[in-house]
Amino acid sequence: MNKHDQSRKDALIKTLIKAKEQAETAKLYLSVNNRDTEDIAAASVALEYVEHALEQLGALVPAAM
């Protein structure tokens, strides 16, 4: 992989890490505020997709609390 490809991959990983943090925050907010279970489930699924994408890219991201 050349340096430009690596730079693009790193940028994608950075974006996905930010998306993971936002999905975790949304899921927590929805859970704490007793929102609709469908919304909580949707946030959970979105989080799983982001985590899967990070795994496929070989990014090591700490698990949520």
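Atoms CD1 and NZ, from I40 and K27 in turn, are 9.0 Å apart once rounded to the nearest 0.5 Å.
When every heavy atom of L16 is checked against every heavy atom of L57, the shortest pair comes out as CD1-CD1, 3.6 Å.
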Legend entry - Full working for side chain to side chain contact (heavy atoms under 4.5 Å, CB included) between R8 and D5: CA-CA 5 Å; R8 287 182 193 97; D5 292 341; 3.3 Å; yes
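S7 places no side-chain N or O within donor-acceptor distance of the main-chain N or O of K3, the cut-off being under 3.5 Å. Counting only distance, with no hydrogens or angles, the side chain of N33 and the backbone of R35 share no donor-acceptor pair below 3.5 Å.
Residues L12 and V50 are members of one and the same hydrophobic cluster, defined by side-chain heavy-atom contacts under 4.5 angstrom among Ile, Leu, Val, Met, Phe, Trp and Tyr.
Of the listed residues (H52, Q22, E24), just one forms a side-chain contact (heavy atoms from CB on, under 4.5 Å) with L47, and that residue is E24.
In this model, no donor atom of one side chain and acceptor atom of the other lie less than 3.5 Å apart for Q6 and N2.
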